[in-house]
Amino acid sequence: MGVSPGMRGHSTLQSLLRDPSVTQEKVAPGTSKRIFALLVPYRKQLVIFLVLVTVEAFIGVLDPLIYRQVINQGILGKDVAVIVRLALLVAALAVVDAVILLVQRWVSLRIGEGLMFDMRTRVFGHVQRMGLAFFVRTQTGALVNRLNDDVQGAQQALTDVLSTVVGNLVRVGLVLIAMFGLSWQLTLVALLVLPLFLLPARWLGQRIQVITRERYDLDADLNAMMIERFNVAGALLTKLFGRPAEEDDAFAERAGRVRDIAILRGMYGRVFFVALTLTASIATALVYGWGGVLSVRGVLDIGTVVALTAYLNRLYGPLTSLSNMQVDVMTALVSFERVFELLDMPALIEERADAIELTRGPANIEFDHVSFAYPPSSEVVHGSLADVTAPEATSTQGVLHDVTFSVEPGELVALVGPSGSGKTTLSYLVPRLYDPAQGAVRINGVDIRDVTLESLHDVVSMVTQDPHMFHDTIRANLLYARPDATQEDLMKALEGAQILDLVRELPDGLDTVVGERGYRLSGGEKQRLAIARLLLKAPDIVVLDEATAHLDSESELAVQRALAAALVGRTSLVIAHRLSTVRDADKILVMSRGRIVEAGRHQDLVAAGGLYAELYRTQFGVESADARHPDPSIAT
């Protein structure tokens with residue numbers, strides 16, 4: 001009746017495996033209150049669960065008392081009717097106990113899985129709304145681990161506290177009351193044996209804890225090797241430079257260490273269970289020995305001796321688990337606190353409560369004395385999520401300084417300049433991936449910090465140097481921009497992006513899977529698919545960040561034709577290293593060290609002999625005199 005010895009032993013081992021150093025952690029004030037707030041929607045289930053735990057523990061205490069009556073009144077009294085009635089009672093209690101355990105498990109799952117669902121959705125939603133700076137500074141693996149392992153760990157820790165700690169407290173309390181009521185002398189003898197197991201068990205638990213931590217590290221090392229070799233970029237590198245035999249040997253060596261430590265951990269665990277069983281057996285022998293002597297002398301009846309030995313199986317496991325109760329509770333608190341750390345990180349880009357809708361239609365962009373510096377990691381991400389082994393990757397010094405310019409509706413304005421001059425940073429401010437430190441960015445005269453993010457993203461769209469594609473079909477990647485688009489809309493967008501013929505030639509057409517990050521497509525094809533996605537969205541403002549920087553001449557020509565269709569009638573801000581792509585821009589802004597140092601059309605800037613002319617001469621290898629009168633055939 002009740003939980004089996006094997007399950008109790010596993011629960012006891014899991015409790016001892018908790019890291020005792022967690023008790024040294026200082027949990028942020030209010031953590032417990034926040035956990036209770038999460039449990040409010042499940043308060044009815046919690047009450048039911050605790051009632052079921054108490055009833056199940058009470059039923060477990062009744063069994064030995066019934067056995068006592070079976071022996072004393074039934075067997076020794078030779079009363080068959082008593083034996084039958086009590087046997088039927090034991091069977092009935094067993095059925096009730098089985099039903100209670102099933103319902104208890106169902107309620108526990110409803111609470112635990114519901115809580116995990118609530119936390120995961122909250123964390124995912126919060127992370128989705130974090131600014132770009134957060135993702136730039138955050139280790140993706142650490143973030144995914146926080147979303148999966150920490151959320152699951154918090155849920156499991158709470159479930160363990162509810163089921164193990166609360167259940168064991170009730171169970172041990174009732175068992176001790178019953179045992180002391182039957183014979184306080186034998187109960188004390190049984191309790192004196194417990195330290196003989198508990199002290200070695202704690203040492204054994206610490207050894208298993210060290211081994212378990214080492215196994216986690218080895219598993220992570222093995223997984224990292226597989227991830228590095230099995231993603232597209234890693235597989236390509238391995239194919240080009242890898243040595244298959246050595247790769248096999250390296251993997252076998254790591255997998256062998258995982259195997260060996262798993263065997264060692266398994267043996268330590270088996271020793272633990274054997275020691276628990278041995279201790280219980282020794283205590284049983286003592287109770288039977290002394291109890292038998294007392295029974296012969298008439299001090300105790302035989303039924304009481306049998307009942308006491310039955311209670312021993314219900315006492316040792318729970319008592320051992322309760323000896324680690326503080327660690328169990330602190331583990332739950334710390335696990336939740338790690339989740340709360342992520343939820344408490346501020347989203348640097350937030351929508352104001354009174355934000356207005358940005359109207360659609362012809363749009364102008366205005367930068368009004370804009371200055372900007374990237375925020376330090378301490379303001380963006382918690383240290384446990386950042387790559388603390390790497391130096392500060394982005395300077396927190398000023399990147400943009402007093403930038404002022406405007407782009408009129410339908411104009412194409414190009415940004416050029418040396419690497420690191422602030423072009424990409426400036427482009428990030430238009431879709432509000434960052435906010436300026438000083439000054440304002442306005443669209444149609446409205447500060448973009450005063451508009452809703454949804455309406456802003458409807459108006460502004462961006463094509464980056466390396467556009468991201470989900471590991472999904474072409475259709476799904478296009479519909480991400482506009483979920484309600486029809487088949488005809490998709491075809492028009494693909495045609496405008498100069499990629500319709502290619503898609504039609506594919507065996508699966510729009511249902512072709514593009515692969516991880518779009519690796520099944522060439523660079524030019526991926527860019528054109530990104531442009532098709534932009535055309536489908538039909539924004540009023542287009543920002544292009546080096547869209548043709550790494551393409552061959554043929555792909556660049558195809559992308560340029562696609563861009564020509566995409567930019568018609570739209571306000572455009574284009575970043576380019578290849579000056580040939582912006583010769584026909586309505587205005588060219590030349591940037592250096594975060595400032596606009598020149599502005600004008602191509603011919604005027606070349607004739608001026610400034611930074612733009614120097615960049616032009618360097619790129620095309622012409623002399624100063626030729627640069628002032630460039631041959632149009634050069635720009636191809």
Other residues, nucleotides, ligands: >12 heavy atoms within 6.0 Å of [X] [atom1]:
| X | atom1 | value |
| --- | --- | --- |
| Glu488 | CD | no |
| Glu454 | CD | no |
| Asp586 | CG | yes |

If we ignore hydrogens and angles and just use 3.5 Å, is the side chain of [X] paired with the main-chain N or O of [Y] as donor and acceptor?
| X | Y | answer |
| --- | --- | --- |
| Glu337 | Thr31 | no |
| Ser371 | Asp402 | yes |
| Lys537 | His457 | yes |
| Lys423 | Gly594 | no |
| Thr571 | Glu411 | no |
| Asp450 | Val446 | no |
| Glu495 | Lys492 | no |

Quick one: are [X] and [Y] in side-chain contact, heavy atoms under 4.5 Å?
| X | Y | value |
| --- | --- | --- |
| Leu506 | Ile474 | yes |
| Leu38 | Phe340 | yes |
| Arg129 | Val127 | no |
| Met491 | Leu510 | yes |
| Ile541 | Ile365 | yes |
| Arg442 | Ile448 | no |
| Arg504 | Leu494 | no |
| Val574 | Val413 | no |

With no hydrogens and no angle check, do the side chains of [X] and [Y] hold a donor and an acceptor under 3.5 Å apart?
| X | Y | value |
| --- | --- | --- |
| Asp489 | Thr486 | yes |
| Tyr616 | Arg583 | yes |
| Thr425 | Tyr374 | yes |
| Ser427 | Thr424 | no |

inquiry  = So, taking the atom named CG in Leu589 and the one named OG in Ser421, what distance separates them when rounded to the nearest 0.5 Å?
reply    = 11.0 Å
Separation between CG of Asp501 and CD of Glu505, rounded to the nearest 0.5 Å = 6.5 Å
Salt-bridge criterion met for [X] and [Y] (N-O under 4.0 Å):
| X | Y | result |
| --- | --- | --- |
| Arg360 | Asp540 | yes |
| Arg120 | Asp118 | no |
| Arg34 | Asp344 | yes |

message = Parallel, tilted or perpendicular, judged at 30° and 60°: which one describes the rings of His468 and Phe470?
response = perpendicular
request  = Return the orientation label for the Tyr612 and His602 ring planes: parallel under 30°, perpendicular over 60°, tilted otherwise.
outcome  = perpendicular
task = Could you tell me whether Phe124 and His126 have their ring centroids closer than 6.0 angstrom?
result = no
key: Phe372 ring center near His401 ring center (under 6.0 Å)   = no
task = Under the side-chain contact (heavy atoms from CB on, under 4.5 Å) rule, what do Val430 and Leu573 come out as? Steps first, then yes or no, please.
result = CA-CA 9 Å; Val430 179; Leu573 191 63; 4.0 Å; yes
